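Before any comments, here is the structure.
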Amino acid sequence: MRFDVITIFPEMLSSYIGESILSRAQKEGLIEIHTHDLRKYSKDRHQKVDDTPYGGGAGMLMTPQPLYDAITAVKKLNKGPVVFMTPQGQKLTHTRAKRLARTNDSMILLCGRYEGIDQRIRDMLVDMEVSIGDFVLTGGELAAMVVIDAVSRFIPGVLGDMDSAEDDSFGRRFGGKKEYPHYTKPAIFKGMQVPEVLRSGNHAEIEKWRMRNLK
Ligand code: ADE
């Protein structure tokens with residue numbers, strides 16, 4: 001899966017995507033993440049990407065020229081849908097993340113800043129709008145990282161085990177099933193003991209205990 005992210009803050013993404021599972025997935029060629037600095041596409045001599053809204057109102061809007069040029073340039077590299085990150089979009093869920101992973105080989109994630117982007121870009125170039133929740137972030141970058149993370153977990157091999165995105169606690173929970181409590185070492189922590197049965201080695205009893213303790 002290839003992700004291309006258009007943003008005025010490319011460095012915001014690099015630390016998150018450069019660590020842990022997403023970093024390994026990139027090294028193994030399972031996912032590719034490219035960032036594109038929107039300012040580089042601005043024809044303004046100060047690399048301006050925002051302006052005041054027609055009709056008045058608070059705040060600034062992202063102007064169409066840099067967005068148009070960035071999106072059309074990135075579309076030559078990535079044939080996937082252009083996904084605009086916005087609180088007005090379709091809500092990202094476990095199911096939608098899975099569907100995005102299964103139905104696309106690539107996607108272009110567009111991060112807004114300020115009060116939003118010029119409507120003509122949405123009408124002309126945006127294929128899908130996605131929200132990560134009913135709250136307003138200061139920009140789409142965090143939301144784009146959430147989409148990349150949640151979608152990547154469904155790419156075979158990213159979690160090291162093909163079924164694990166479905167099999168993990170969230171997969172089970174969102175699949176309507178419950179989850180049992182988990183414990184790791186030490187056996188006693190601040191006076192609290194791990195249930196004896198989990199240390200017994202008796203797999204039938206462990207399974208029974210887990211089924212009785214589903215939450
Ligand atoms: N940009 C700002 N807030 C957002 C949200 N909740 N989801 C996606 N993109 C956003």
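As the structure is a computational prediction, the values presented were derived from the model and not from experiment. All values below come from the heavy atoms of this structure, side chains included, with hydrogens, waters and symmetry mates left out. Residues take their numbers from the sequence shown, with the count starting at 1.
Residues V194 and T184 share a closest heavy-atom pair of CG2-O, 4.2 Å. Closest heavy-atom contact between A101 and F154: CB-CB, 3.5 Å. Pairing each heavy atom of E141 with each of T7, the nearest pair is OE2-OG1, 2.7 Å. Nearest heavy-atom pair, A144 versus L109, reported as atom, atom and distance to 0.1 Å: O-CD1, 3.9 Å. Considering all non-hydrogen atoms of both residues, I121 and P64 come closest at CD1-O, 3.6 Å. When all heavy atoms of P53 and A58 are compared, the pair lying nearest together is CG-O, 4.4 Å.
For the pair T63 (side chain) and Q65 (backbone), a donor-acceptor distance under 3.5 Å is absent. The backbone N or O of R39 lies less than 3.5 Å from a partner atom in the side chain of Q47, making a donor-acceptor pair. Counting only distance, with no hydrogens or angles, the side chain of Q26 and the backbone of I17 share a donor-acceptor pair below 3.5 Å.
Hydrophobic clustering, with ILVMFWY side chains joined whenever heavy atoms are under 4.5 angstrom apart, keeps V146 apart from F9. Residue L38 is not grouped with residue V83 when hydrophobic side chains (ILVMFWY) are merged at heavy-atom distances under 4.5 angstrom, including chains of intermediate members. Connection of F84 to L125 is established within a shared hydrophobic cluster, with ILVMFWY side chains joined at heavy-atom distances below 4.5 Å, either directly or through further cluster members. Cluster annotation: V147 is connected to L13 through the hydrophobic network of ILVMFWY side chains, with a link wherever side-chain heavy atoms come within less than 4.5 Å. Note on W209: it does not cluster hydrophobically with L214, by side-chain heavy-atom contacts below 4.5 Å among ILVMFWY residues.
For the atom pair F3 CZ and I33 CD1, the distance stands at 6.5 Å (nearest 0.5 Å). Rounded to the nearest 0.5 Å, atoms NE2 (H94) and NZ (K98) are 5.0 Å apart. Note that OG of S23 is 10.5 Å distant from CD1 of I21, once rounded to the nearest 0.5 Å. The line from CG of L110 to OG1 of T86 is 10.0 Å long, rounded to the nearest 0.5 Å. The distance from atom CZ of R99 to atom OG1 of T93, rounded to the nearest 0.5 Å, is 7.0 Å. From M12, atom CE reaches atom CE of M145 across 7.0 Å, with rounding to the nearest 0.5 Å.
Ion pairing between a basic and an acidic side chain is recognised when a charged N comes within 4.0 Å of a carboxylate O; R120 and D118 show such pairing.
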- [ ] List the steps, then state whether side-chain contact (heavy atoms from CB on, under 4.5 Å) holds for I132 with F135.
- [x] CA-CA 8 Å; I132 62 159; F135 41 78; 4.0 Å; yes
Open item on the list: Could you walk me through whether V5 and I148 satisfy the side-chain contact (heavy atoms from CB on, under 4.5 Å) test, starting with their C-alpha distance in whole Å, then the side-chain angles of each, then the deciding distance to 0.1 Å, before giving a yes or no?
Closed with: CA-CA 10 Å; V5 186; I148 292 171; 3.9 Å; yes
TODO: Begin with the C-alpha distance, continue with both residues' side-chain angles, and end with the deciding distance and a verdict on side-chain contact (heavy atoms from CB on, under 4.5 Å) for L142 and M85.
DONE: CA-CA 9 Å; L142 260 179; M85 306 313 307; over 6 Å; no
- [ ] Take M60 and R113, measure what side-chain contact (heavy atoms from CB on, under 4.5 Å) needs, and give me the verdict at the end.
- [x] CA-CA 9 Å; M60 301 291 270; R113 280 268 148 186; over 6 Å; no
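Residues R96 and K91 have side chains not in contact (no heavy-atom distance under 4.5 Å, counting atoms from C-beta outward). Contact annotation: the side chain of N104 never approaches that of V151 to less than 4.5 Å [non-hydrogen atoms, C-beta and beyond]. Side-chain atoms of I31 and I155, non-hydrogen and from C-beta on, do get closer than 4.5 Å to each other. M1 has its side chain out of reach of D105: every pair of non-hydrogen atoms, C-beta onward, lies at least 4.5 Å apart. Taking 4.5 Å as the limit, some side-chain heavy atom of D149 sits within range of a side-chain heavy atom of L22. Y41 is not listed as a side-chain neighbour of I6, based on a closest heavy-atom distance of 4.5 Å or more. Side chains of Q88 and R122 form a contact here, defined as non-hydrogen atoms less than 4.5 Å apart. Between I8 and Y114 the shortest side-chain heavy-atom distance falls below 4.5 Å.
Partners of E196 under the side chain to side chain contact (heavy atoms under 4.5 Å, CB included) rule, at least two apart in sequence or in another chain, are Q193, R199. Scanning for side-chain hydrogen bond (donor to acceptor under 3.5 Å, both in side chains) contacts around E205 gives K208, with sequence neighbours left out.
Heavy atoms from other residues, nucleotides or ligands lying under 6.0 Å from CD of E28 number more than 12. Remark: K48 NZ is packed, more than 12 non-hydrogen atoms of other residues, nucleotides or ligands lying under 6.0 Å away. When the shell of 6.0 Å around CE of M211 is examined, it contains more than 12 heavy atoms from other residues, nucleotides or ligands.
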Donor-acceptor contacts under 3.5 Å from residues 71-82 side chains, at least two apart:
{"from": "T72", "atom 1": "OG1", "to": "Y68", "atom 2": "O", "distance (Å)": "2.7"}
{"from": "T72", "atom 1": "OG1", "to": "D69", "atom 2": "O", "distance (Å)": "3.3"}
{"from": "N78", "atom 1": "OD1", "to": "G80", "atom 2": "N", "distance (Å)": "2.8"}
{"from": "N78", "atom 1": "OD1", "to": "S106", "atom 2": "OG", "distance (Å)": "2.8"}
{"from": "N78", "atom 1": "ND2", "to": "D4", "atom 2": "OD1", "distance (Å)": "2.7"}
{"from": "N78", "atom 1": "ND2", "to": "M107", "atom 2": "O", "distance (Å)": "3.0"}
{"from": "K79", "atom 1": "NZ", "to": "K75", "atom 2": "O", "distance (Å)": "3.3"}

